[in-house]
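To keep things clear, I will list the structure first and then write my remarks on it.
Along the sequence shown, residues are numbered consecutively beginning with 1. One-based numbering, in listed order, for ligands and for the atoms of each.
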Amino acid sequence: EANPDDAMLIQTLLRRSGMKFESVTASDEEEFLSAVKHDGYDVVLADNALPQYSSIEALKLIRTTNPSVAFILVTGTVSEEFAVSIIQQGADDYILKTNLTRLPAAIKNAIEKKRIQLEKERSQQELKQLNAELRTVSAHLEKIREEEQARIAREIHDQIGQQLTGLKMDISWLRRMTNNHAEQTAILNKLDEISGNLDETVKTVRKVASDLRPSLLDDFGLVDALDWHSREFAQRSGIQVDLKPGDKDITVDPDIAIGIFRIYQEVLINVARHAEAGRVETSLAKNTEEITLIIADNGKGFDTLQKKKTLGLLGMKERAQMIGGSFSINSKPGAGTTVIIRVPLNKSTKS
Ligand SMILES: Nc1ncnc2c1ncn2[C@@H]1O[C@H](COP(=O)(O)OP(=O)(O)OP(=O)(O)O)[C@@H](O)[C@H]1O
Ligand SMILES: [Mg+2]
C-alpha cells in the first residue's frame, strides 16, 4: 500500500470488525521483500495501484516463497479482466476499496481456504511417504522370507535327507543279517515295505525343499529353473508349456531371478486355476536394456476391467516393482491371457 491513509483505514476497519492481528505496511518492492522474509503471517493485502511495485509481481513472489500465505488484492481501480487474471494466477480474492466491508470476511475465508489446502497437501505428502515406507517394508519382508525359506530348504535337504539315507542303509544291513532267521520271508517283506516308504519320503522331502527354494535357480540359473518348472507344471496340470528362451545363458542378479521365478509360478497357478487353457507359450528374452518374460495362454481369458478383490495379481505387480520391474496383464473374454514382465537391467547386471 502506497497510501498511508488507506493503510490506516483498512487497519481500523479490521480492528473494528473484531479481528486481532499484527501487520506490516510496505510501499515498495524493497519493503515488501524485507517484510515477507519474516515468517508467520497469514495474508498479504496488495494494492494494485502501486507505481513502484505491481501486485502481480508481489503475487508471483509470494507464491514461490510462501505458498501457504493467502493473497488478496485490495484496490481502487481494477478492470474485470485484471481481476480474473490475478485470480487465475493464484490470488485468493479481490476487494474494491469502495466495498471494504467485505474485507474481514474475505480474509477469514482466504486464510481458512489456505489452511485446508495446506492440510490436504500435508496429508497427501504423508500418504506418499507412508506408501513408500510400506513398499520398503514389504520388499524387506519378502527378502527375509526368501532367505528363511532357502535356509529351511538347505536344512531339510542336508539334515533330513541324510538321516533318511542312513535309515535306508540300516535296512539293507538288517536284510543281510536276517539270512538265518526262521521267519525270514515275513521280515524281508516288511523291510521291503519300509524301504518303499522311505523312497517316497525322500521324494517328498526333495519336493518340499525345492518348493521352498528351487535349488536349480541357485545352481543352474533362471533359464533352467523356468524350464524345469514348466515341465513340472505341464506334468501336473496336463497343460502344454512351450518355453522359448531367447538366450540360453541369461544371467541376472539372484534377487531378480527369484522374483521372476516366483511371478512365473504364480502366473502358471492362475492358468491352471482359471484359464481352462490347453497351452501356454512362454518366452524369456534379454537385451542390453531389460529382461522380458512373456507368458501367453490360449484359455478363456477374462475382463481385466472388472476388478476383483484378489491378492494374486496385486502381489505379482508388487513383486515386479520390488525388483525394479513392471507387470502387465492383457486379457479379453475368449481371447486368452498374456502376462508381460519387464525388468530393466542396471549396469552391473548388463555385462
Ligand atoms: N490366465 C488366466 N485366465 C483367465 N482368468 C484369469 C487368469 N489369470 C487371472 N485370471 C482372473 O483374474 C482374477 C484375479 O487373479 P488373482 O491371481 O489376482 O486372484 P485368484 O487367482 O482368484 O486368487 P489368489 O489371490 O489366490 O491368487 C482371477 O480370479 C481370474 O478370474
Ligand atoms: Mg491367483
Can you tell me which residue and heavy atom of the protein come closest to atom 1 (N) of ligand 1, and the distance to 0.1 Å?
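I find the closest protein heavy atom is D297 OD2, 2.9 Å.
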
Report task. Tell me which part of I269 gets within contact of ligand 1: side chain, backbone, both or neither, using heavy atoms under 4.0 Å. Result ->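 No part of I269 comes within reach of ligand 1.
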
Margin query: At under 4.0 Å between heavy atoms, is it the side chain or the backbone of T337 that contacts ligand 1, or both, or neither?
Written below: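 Side chain only.
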
Query raised in the report: Parallel, tilted or perpendicular: which describes the rings of W228 and F261, with under 30° parallel and over 60° perpendicular?
Result: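 Because their plane-to-plane angle is under 30°, the rings of W228 and F261 count as parallel.
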
- Message: Can you confirm whether the side chains of Q149 and R145 place a donor and an acceptor under 3.5 Å from each other?
- Response: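 Result is yes, a qualifying pair exists.
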
Original post:
Do I258 and L141 sit in the same hydrophobic cluster, where Ile, Leu, Val, Met, Phe, Trp and Tyr count as joined when their side-chain heavy atoms come under 4.5 Å apart?
Top reply: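 They do not share one cluster, since no chain of ILVMFWY contacts under 4.5 Å joins I258 to L141.
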
Is there a chain of hydrophobic side chains (I, L, V, M, F, W, Y, each step under 4.5 Å between heavy atoms) that links F71 to F82?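 Per the 4.5 Å side-chain linkage, F71 and F82 are co-clustered.
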
Tell me which one of [options] gets a heavy atom nearest to [atom].
atom: atom 20 (P) of ligand 1; options: H274, K300, M316; value: H274
atom: atom 23 (O) of ligand 1; options: E266, K307, R273; value: R273
atom: atom 18 (O) of ligand 1; options: V271, T310, T304; value: T310

Exercise for review: Return yes when at least one N/O/S atom of N270 is nearer than 2.8 Å to the Mg ion (ligand 2), and no when none is.
Suggested key: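 It does; at least one qualifying atom falls short of 2.8 Å.
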
Practice task
Using a strict cut-off of less than 4.0 Å between a Lys/Arg side-chain nitrogen and an Asp/Glu carboxylate oxygen, indicate whether E126 and R122 qualify as a salt bridge.
Solution key: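 No, no charged N to carboxylate O under 4.0 Å.
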
Check your understanding: Are the charged groups of R213 and D218 less than 4.0 angstrom apart, N to O?
Key ->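 Result for this pair is yes, salt bridge flagged.
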
May I ask you to check if ligand 1 and G301 share an N or O to N or O distance below 3.5 Å?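 No, no N or O pair falls under 3.5 Å.
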
